[in-house]
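Residue numbering restarts at 1 for every chain, and letters A, B, ... go by the order of the sequence lines. The analysis underlying the following values was restricted to heavy atoms, covering all of them including side chains, and did not include hydrogens, waters or symmetry mates.
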There are 2 protein chains.
Amino acid sequence: MHSPELLKGTLQTIVLKVLKDHGKMYGYEITHRVKELSADRILLTEGALYPTLHKLEAEGLLKTEIVNIGKRMRKYYALTAPGKVEAKERVAEFVDFIRTMGNVLNVQMTS
Amino acid sequence: MHSPELLKGTLQTIVLKVLKDHGKMYGYEITHRVKELSADRILLTEGALYPTLHKLEAEGLLKTEIVNIGKRMRKYYALTAPGKVEAKERVAEFVDFIRTMGNVLNVQMTS
DNA sequence: ACCTAATACATAATTGTCTTAGGCATAAGA
DNA sequence: TCTTATGCCTAAGACAATTATGTATTAGGT
């Protein structure tokens, strides 16, 4: 697990980009996908995820669709057009931030 | 300027590593050095920096030395032996975090 | 001589994001 | 039958950083 402090501020970026790459997804699915992509290093808590999804939806970046699976419901989230633009910008911003941090910390961020 | 949210959680790492690379420094100097290294993208606020320095000192990672410049004082901070170890670990942790984020965001963090 | 900007330390109130801790309900597996 | 997994959600509290101050010395411009 990563130090939770470093993760701060990255949640919205993660959600937007994962949705961009995987199309419509529901909350529970997002936590599992991120867990998988991060090799168990990033475990999104639902207490953080759902408020974030609601906020992004309220901002018009996400749209929802509720599907009933038997008696259980799934709320699918997908990017809107502005959401796609925002996803791209957030990722670019993150990459730029990493480059800056590389300079400050005097390390090469090359894989 | 970078989105301030992304910076969260990186302040201690920045302070420790900058001190490791530049030897003893005082608070005001650190803000300017980071500003310079980041090409004005990371502007440390004193309200965040000084409490952080005090905390790291209280944890035994930093030691201080007060020098009087005329009637003005400078409080120099330098890494202790445990501080050097911690600096190394924090940077390694950050690099690892970036690698993980690269996988999750599906981007190459190569410069 | 005066005023502003820079130097240099520091704390306090507030903000915002996240963690922790709940709550509700259905489905599957041991 | 009991635990785990699925699936949504909110609320209280912790914590780090921002914003807003506060104090004081020194340098530079007019």
Side-chain angles (χ1 to χ4, degrees), chain A residues 1-16 24-36 38 40-59 62 64-77 90 94 97 101 104, chain B residues 1-16 24-36 38 40-59 62 64-77 90 93-94 97 101:
Chain A
M1 259 293 278
H2 284 296
S3 155
E5 274 81 40
L6 291 178
L7 206 57
K8 291 213 176 190
T10 63
L11 181 52
Q12 291 191 9
T13 303
I14 289 173
V15 168
L16 290 168
K24 69 175 185 182
M25 298 177 79
Y26 51 100
Y28 189 77
E29 186 184 10
I30 293 174
T31 62
H32 284 257
R33 184 81 72 174
V34 170
K35 183 178 188 290
E36 186 189 350
S38 69
D40 294 2
R41 286 200 185 83
I42 297 178
L43 306 176
L44 301 187
T45 59
E46 300 186 325
L49 178 63
Y50 287 110
T52 295
L53 287 170
H54 300 162
K55 192 186 174 198
L56 293 174
E57 185 188 5
E59 288 171 359
L62 302 182
T64 60
E65 178 196 352
I66 293 176
V67 175
N68 289 308
I69 308 292
K71 284 183 181 175
R72 212 151 52 185
M73 76 120 157
R74 274 185 195 164
K75 196 168 172 185
Y76 279 96
Y77 290 86
R90 293 294 186 92
F94 186 77
F97 171 70
M101 283 296 288
V104 173
Chain B
M1 258 294 278
H2 284 296
S3 156
E5 274 80 40
L6 291 178
L7 204 60
K8 292 207 177 194
T10 62
L11 181 52
Q12 291 191 8
T13 303
I14 289 172
V15 168
L16 289 169
K24 69 174 184 181
M25 298 177 80
Y26 51 100
Y28 189 77
E29 185 183 11
I30 293 174
T31 63
H32 283 258
R33 183 82 74 174
V34 170
K35 183 177 187 291
E36 186 188 351
S38 69
D40 294 3
R41 286 200 184 83
I42 297 178
L43 306 176
L44 301 187
T45 58
E46 299 187 323
L49 179 63
Y50 288 111
T52 295
L53 287 170
H54 300 162
K55 192 186 173 198
L56 293 174
E57 185 187 6
E59 288 170 359
L62 302 183
T64 61
E65 177 196 353
I66 293 177
V67 176
N68 289 310
I69 309 293
K71 284 183 181 175
R72 209 150 56 185
M73 76 122 156
R74 274 186 194 162
K75 197 168 171 183
Y76 279 96
Y77 291 86
R90 292 294 186 94
E93 185 184 35
F94 185 77
F97 172 70
M101 283 296 287

Ignoring backbone atoms, test whether [X] places a side-chain nitrogen or oxygen under 4.0 Å from the OP1 or OP2 oxygen of [N].
X     : N      : answer
B:H54 : C:dT11 : yes
B:Y50 : C:dA10 : no
B:T45 : D:dA17 : no
B:K75 : C:dA10 : yes
A:K55 : C:dG16 : no
B:Y28 : C:dA6  : no

Interatomic distance, [X] [atom1] vs [N] [atom2] [rounded to whole Å]:
X     : N      : atom1 : atom2 : result
B:K8  : C:dC18 : NZ    : C1'   : 9 Å
A:L43 : C:dC18 : CG    : C1'   : 14 Å
B:E29 : C:dA6  : CD    : C1'   : 15 Å
B:L11 : D:dT18 : CG    : C1'   : 12 Å
B:N68 : C:dT7  : CG    : P     : 19 Å
A:L6  : C:dC18 : CG    : P     : 13 Å
A:M73 : C:dA25 : CE    : P     : 13 Å
A:Y76 : D:dG7  : OH    : C1'   : 11 Å

### Task
Could you label the plane-to-plane angle of the A:Y26 and A:Y28 rings as parallel, tilted or perpendicular, counting under 30° as parallel and over 60° as perpendicular?
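Parallel, since the angle between the ring planes stays under 30°.
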
With 3.5 Å as the limit, what N/O pairs link the protein to nucleotides 23-25 of chain D?
| from | atom 1 | to | atom 2 | distance (Å) |
| --- | --- | --- | --- | --- |
| D:dT25 | O2 | B:R72 | NH1 | 2.5 |

In Å and rounded to the nearest 0.5 Å, what is the [atom1] to [atom2] distance from [X] to [Y]?
X     : Y     : atom1 : atom2 : value
B:T10 : B:R90 : OG1   : CZ    : 11.0 Å
A:T52 : A:L44 : OG1   : CG    : 9.0 Å
B:L6  : A:L7  : CG    : CG    : 11.0 Å

### Task
Measure distances between side-chain N and O atoms of A:E5 and base N and O atoms of C:dC18, and say whether any donor-acceptor pair falls under 3.5 Å.
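It does not, because no donor-acceptor pair links the side chain of A:E5 to the base of C:dC18 below 3.5 Å.
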
### Query
Under 4.0 angstrom, heavy atoms only, what part of the nucleic acid is A:G27 near: base, sugar-phosphate, or nothing?
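The answer is sugar-phosphate, as A:G27 gets under 4.0 Å only of primed atoms, P, OP1 or OP2.
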
### Task
Would you classify A:E46 as touching base, sugar-phosphate or nothing, given that sugar-phosphate means primed atoms plus P, OP1 and OP2, and contacts are heavy atoms under 4.0 Å?
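Contact class for A:E46: base.
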
### Query
Any idea which heavy atoms bring A:K75 and A:H54 closest together, and the distance?
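Smallest heavy-atom distance, with atoms named: NZ-NE2, 4.5 Å.
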
### Task
Return the minimal non-hydrogen interatomic distance between A:P51 and A:A48, and the atom names on each side.
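Minimum heavy-atom separation between A:P51 and A:A48: CD-O, 3.5 Å.
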
### Message
Is there a side-chain contact between B:T13 and B:L16 in this structure, where contact means two heavy atoms from C-beta onward sitting under 4.5 Å apart?
### Response
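In short, these two side chains do not touch, never coming nearer than 4.5 Å.
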
### Task
Can you figure out which of D:dG7, D:dT6, C:dT20 approaches the side chain of A:R74 most closely?
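Of D:dG7, D:dT6, C:dT20, D:dG7 is nearest to the side chain of A:R74.
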
### Task
Between C:dT11, C:dT7, C:dA10, spot the one nearest the side chain of B:Y77, thanks.
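Among C:dT11, C:dT7, C:dA10, the one nearest the side chain of B:Y77 is C:dA10.
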
### Contact nearer the 5' end of DNA chain C, comparing A:L44 with B:A48
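Its nucleotide being nearer the 5' end, the pick is B:A48.
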
### Message
Test side-chain contact (heavy atoms from CB on, under 4.5 Å) on A:L56 and A:E59; report intermediate values, then the result.
### Response
CA-CA 5 Å; A:L56 293 174; A:E59 288 171 359; 3.9 Å; yes

